[in-house]
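Letters go in sequence order (proteins before strands), and every chain restarts at 1.
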Amino acid sequence: MPEPMLSMSHIKKSFGGVKALVDGNLDLEAGRIHALCGGNGAGKSTILSILMGFYKPDAGEIRLNGEPVQFHSPQQALAAGIAIVQQELSGIPHLTVAENIFLGEEPRRGAFVDFPKLYRQADALLSSLGFAIDPRARLDTLTVASQQLIEIAKALSRHDARIVIFDEPTSAIGEKDAERLFEVLRELAAAGKAIVYVTHRLAEIFQIADDYTVFQDGARVATGQVADINRERLIEMMIGGAIEGEFVKENAPTAEPVLELSGLGRAPWFEGVDLTLHAGEILGVYGLVGSGRTEMLDTIYGLETPDEGEIKVFGRPLPPGDVKAALATGLSYVTEDRKRTGLILSASVGSNLSLAHLRHLHSLGFVKRPAERALIDRAIAGMRIKTPSPAQLVRNLSGGNQQKVVFGRCTAGEPKILLLDEPTRGVDVGAKKEIYRFISNFARAGGAVLMVSSELDEIIGMSDRVLVIKQGRNVAELPRRAADQKSLMMAAL
Amino acid sequence: MQTGSRAGTNPLAMREYGIVFAFIGLCILVGALCQLKVVQGTWPQNAFLTVNNLLLILHQISVNGVLAVGMTFVIISGGIDLSVGSLLAFSGMMAASFATRSPGVTAWAGNYGAFIPIVVALAVGSASGALNGWIISRFKIQAFIATLGMLMAGRGFTMAVTNGNPISALGPEFRWFGTGKLFDAIPIPAVILGIVFLLAWIILNKTVFGRYVYAVGGNEKSARTSGINTKAILIWVYVLSGFLAGVAGVILTAKTGSAQTAAGTSYELDAIAAVVIGGASLSGGIGRLTGTFFGALIIGVMNNGLDILGVQSFYQLIIKGSLIVFAVILDPSRKLTA
Amino acid sequence: MQTGSRAGTNPLAMREYGIVFAFIGLCILVGALCQLKVVQGTWPQNAFLTVNNLLLILHQISVNGVLAVGMTFVIISGGIDLSVGSLLAFSGMMAASFATRSPGVTAWAGNYGAFIPIVVALAVGSASGALNGWIISRFKIQAFIATLGMLMAGRGFTMAVTNGNPISALGPEFRWFGTGKLFDAIPIPAVILGIVFLLAWIILNKTVFGRYVYAVGGNEKSARTSGINTKAILIWVYVLSGFLAGVAGVILTAKTGSAQTAAGTSYELDAIAAVVIGGASLSGGIGRLTGTFFGALIIGVMNNGLDILGVQSFYQLIIKGSLIVFAVILDPSRKLTA
Amino acid sequence: APVRIAFLMYGNKAEFVQLMERYAKEHPAVKQGLAEVTLFDGRYDAAVQNDQGQMAVNSKYDAIIINPMDFEANIDVVTVANEAGIPIVVTNARLNTQDMLSEVVSDDVEGGYLEAKAVLEKLGCKGNVVIIEGPKGGSGEIERGRGNERAISECPEGAVKVLERKTANWSRAEALDLMQNWLTAHPKEIDGVIGQNDEMALGAIEAIKSAGYDVKDFAIAGIDGVTDALRAVKAGEMTSILQDARGQAQGSIDVAMKAVVGDDYKPMSDIWEQYKGKMEWNDGKTKRYDVPWTIVTPENVDALLKDRGY
Ligand SMILES: Nc1ncnc2c1ncn2[C@@H]1O[C@H](COP(=O)(O)OP(=O)(O)OP(=O)(O)O)[C@@H](O)[C@H]1O
Ligand SMILES: Nc1ncnc2c1ncn2[C@@H]1O[C@H](COP(=O)(O)OP(=O)(O)OP(=O)(O)O)[C@@H](O)[C@H]1O
Ligand SMILES: [Mg+2]
Ligand SMILES: [Mg+2]
């Protein structure tokens, strides 16, 4: 076996009382794509952050080409040829696309930025990647998906990088861009770079990865070549047991309408959307990124006010732009971007879980602590949130666990209608199944679910009906049996 | 294991108590320096470590403490209130105009005892605070600018009330709130401070409103998604801050016996300092009233101790500036917030 | 085809020019009110709309403008610098001690022309700024607290230099930087302001450093991931702010011909106001020097116009407070930033 | 058209300044429409005052009166006024130049001397005093402090001990806290308090009361003669050195009017009557009019209070 390009061995790291890594190991070889797998909170991001010099390991050794190294800052890691696309979106909002891509490596003339060259290079890079983004646009005017693409382009712009790390790069981008990304990854590998790829979309691993490493509870539990395993085996290694079927679907739709949209629109995002959601039904909404689905859910929920059309819940019109009214009629909304619109990062897991329900948990304005605590404990247990205590700050949870907190809060108040926007983004297979089971049970008990997702598998696996949105209009409605990959893509494109 | 609360694991406990250590350290330092004077024979006794001096410090921090309580809510909600000093002056002036025995300073001036002046001060403070909150939440402008505007305008109103003159010769009923003593020992301003802290602590930690304040400051959009009327919360936060500026106005006016147009100038800085020393983050969502209390105490002990020790005023400034920074650096919780 | 851009060009243009409209509106308002006085026969001429008055306004805003330039960098980097007023005084005092014809105020005092005093002022300002930046980046404490400490300590140092005395009788070479005129018309402070703005604009918009300032303020972690030495950037930002406080100290001291211990008191508020009126966000990452320039102009025109119109000082305060808020509310870019 | 006079005040958040403004507006020439006085608020900033001086010149005022923030830093106002040929009168506090048309001032050194003298006389030149100072480095603090020291030095060497001296920034609230702390540090040791203005002396009185001492056991003095101080004098709690706001404001307006109107102008304020023998009109040609200080005593306090409308 050849000497690995990078080898991290016996890395330990704990945050306060939380042991994030107990025995982190990772070996990378040049020219290969290495999938780093593991459940939420297994320590994947932590070991990568240590590699990048964000955290100092408590113990362990890192060797690069056989030489022991220790990075104290990302600067040093970059200088040693390691670049990363971080799990959470992280651009500089008020700089342009090109400035973001080449941040830290901008073409210069002395102390000055060589802007013509900068934009030329950015143009060239973006078009070689096939990303249709204006390099002069300011980053904060882009969609989340485009921002994610910029993050990817940024890592790829480091031509001198020998190791490129992708921590869940596809969680926010569309299928087409993901395909393009895979091509680029293969090219990079072919050029002799080592690629680390973290994802919770297992299909992707089998599509592009050569090697795999599985983490569980902060330690490497398995490593090898992807060719030697299959999906079931991988899942087994990740969650320490077998899993039967990835989706759970036991609900049966009724004919009783609970949510009706007629001609709903809000310029410039979407217009003339009609739909009817029935009790016991899971209605999938599919569309390309940027097709206006998030805006539609925001509007139904009352975060935004529609320009036209009507929303009826249980036959009664819902006052527009009124979140409280929506909550009162039994709507609940799991937003797409948990950091921006879902969580209070600076607050504890407990206060996040109970936040939307405090209005029912008080007497004379005073919070009823026992009742609150019961609700929190139930939510933590119900969603299997991995946290040392409800007092832990949400900021310190792993991405997937953060998603579970959002989910836990939205479902704790016994809603009747769930609006879900990318409900399993960044969630591991085990947790995904729990969420699916929850959705299924929820619908079986008579609840109704409107689920927006960009994951075709998920849409197909869970929906009773699928609505396809294209440029802000509903263009197709497919019953469960007619909804397959091909027809959905056809309708959406 | 406990729920919903911020304490729990080890680093979090440090976070809770770091400021207390800083405070105790400061007291030991000042106490030791005073003791040195006793040992040297310069002083008959340690003037710092007496019950009377402790009560005096409480008396002296009462105004800043009350302002800092309101500021804690504001800062946790993600804002800042620069107008408290001006609103203190404005409400104090209005109160004084209803508590003076020298007629003629305003058209309505007179001595109406204590109740009416106090109600007027609290109403004036709250109304101005409501205006702050309304502007901030309605027009979504930065709290810094909105309250900077009120800092100026409030000072202007203060002067406009009496055409720029002070109001003095205040009635004894009113002055009791600044100079009276409970059980002949505890200054009334200190008692007021205690009550304000207690009530505010209950509101912030035990009520739904308090939770919402943290939520709005932590992430306004998420708070809205949870069905919180964030605008209303913001308005109430500034009303509270204005109300407490009114309370502070009553205390200061009653203490000095005169409503001055320049009263409270730059008091906002001390109030913000107390809150930030107490562990709050100016980006919102983080802060504690116990922290603020110790923050105000630290500032008070510093002022008192340096005066007692007879430190020259420019060294006093240098020492105070450095100590504030040290108190924050040494607070071990700091590392977690950054 | 989608380019990925959400907003069109229109709102961005508005964003860029909203402040200019606010400024023009204010000028028209003041000009019209002055014209009214001319029409009424109270005034011989429109005192506001003269070249002399325009130059005077530039002269008046020079100190605040220079401070606001530094503050723009600081605020874009996500911080705040409360110490600029004190550093102005400190560096001005140090400069004066090397430019005075009255010996004995300090051990080293004397008249060394203009060059040495200016170098001293800039060095003192920069060094204090470096201390600010070092504390903030090394200990990760909030800029508000670190610079509040420096606000106090800097004032203390200013007094300690001369035991609390002012320094006067400054040499003519030095005073030229405050009172001289270019082509017998343009005040030197205005020229300095222009140069400072121009250089700062180039640094902020054209150099790598400028990009990094936006990056650090916009998303510190992302900046670090990109290999930017964020600590170094922060230190340099505060050095720049301190340096410019030194420049402002030279201007003010040369202008008044005397280094005062109280010089620059609360100038930080005006500087911050100029930056925020100019469209910057106190949460960092957002801001423009052209905006700051118009922000400083708006404040200058307000002060000048209200004085010229002879508005009584308390109405001035009320009007100024309201206008600042209005300028920000009416700025159409506001909606996008919130 | 009336004579336009720009009256540059260093600030306007103190009672004394308000009194000056009031008396300026009560000047007979103003009341009769012969003169129009526009007051400018210098916002306690010497640089702002200089700018306002330049603006007054640009706006072609007929005369400028300045109540300067600082002894040195405001000299420029005189310079620019002279360059433009506009008569300029300095009032209330002095400026370190001889180029102005005239000064109508009260000497702060003298004021500081008188108040310290009052304290020391009551103490019989024996005991411990504290000095509450104005803002460090400001003209007021420096000059009144000089006067304070002169009075102390006239006592026998070592008889009077200055226990503490520190600034309370002209503020009653700050002086209150400061004095409380001093009383803690020096229990029963302080005999006299020299406040460099009345507000701070009044703050000291509040502190003494709140510490449970009898104010009458202390010798306390301040400067300015603000209304509260007059009341305190009446109550036997302190001595105040009245600085005559009316004399300064109206005197300087007369001098300025004379310079603008010319030889026909006769002084209109009755202060010249009041100070006959102490301060002569002399056709408005005196370089420096020294408005006398008045020591407020229980005897003259009622008349002064009455003049204020009480
Ligand atoms: N700064 C921190 N403070 C406290 N705990 C932390 C911190 N960062 C991470 N953790 C904890 O360390 C553990 C590992 O987290 P990490 O982010 O590495 O997981 P992950 O494998 O990347 O998960 P995911 O797939 O959900 O992204 C989690 O339990 C997390 O809560
Ligand atoms: N004003 C805004 N500024 C920045 N981002 C926004 C803004 N409004 C919406 N977004 C984000 O842009 C993304 C695109 O939203 P849109 O509704 O157009 O498409 P979508 O079909 O929901 O696509 P996606 O698959 O990304 O959810 C969403 O993630 C949304 O949160
Ligand atoms: Mg992760
Ligand atoms: Mg979406």
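- Close approach to chain C, defined as a heavy atom under 4.5 Å from one of its heavy atoms, is seen in no residue of residues 291-305 of chain B.
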Between C:F144 and B:L269, is a side chain to side chain contact (heavy atoms under 4.5 Å, CB included) present by the stated rule, with each step listed?
CA-CA 10 Å; C:F144 191 96; B:L269 283 185; 4.1 Å; yes
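- Between C:Q312 and B:N163, the closest side-chain pair of non-hydrogen atoms falls below 4.5 Å.
- Between the side chain of C:Q142 and the main chain of B:A280, a donor-acceptor pair closer than 3.5 Å is present.
- In this structure, the portion of C:S313 lying under 4.5 Å from any heavy atom of chain B is its side chain and not its backbone.
- Contact annotation for C:Q316: neither backbone nor side-chain heavy atoms come within less than 4.5 Å of a heavy atom of chain B.
- The stretch residues 151-159 of chain B places B:L151, B:M152, B:A153, B:R155, B:G156, B:F157, B:M159 near chain C, each with some heavy atom under 4.5 Å from a heavy atom of that chain.
- Across all their heavy atoms, C:G149 and B:V325 have their closest contact at CA-CG2, 4.0 Å.
- Note that the CD1 atom of C:I277 and the CD1 atom of B:I141 stand 10.0 Å from one another [nearest 0.5 Å].
- In terms of heavy-atom pairs under 4.5 Å with chain B, the best-connected choice from C:I135, C:I80, C:L317 is C:L317.
- You'll find the side chain of C:F314 stays beyond 4.5 Å of the side chain of B:T261, heavy atoms only.
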Side chain to side chain contact (heavy atoms under 4.5 Å, CB included), that's the test. Do C:I329 and B:K140 meet it? Break it down for me.
CA-CA 8 Å; C:I329 289 180; B:K140 293 192 197 309; over 6 Å; no
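- Atom CG in C:L82 sits 8.0 Å away from atom CD1 in B:I272 (nearest 0.5 Å).
- The line from CZ of B:F326 to CD1 of C:I145 is 14.0 Å long, rounded to the nearest 0.5 Å.
- With a 4.5 angstrom heavy-atom cutoff, C:L282 touches chain B via backbone and side-chain atoms both.
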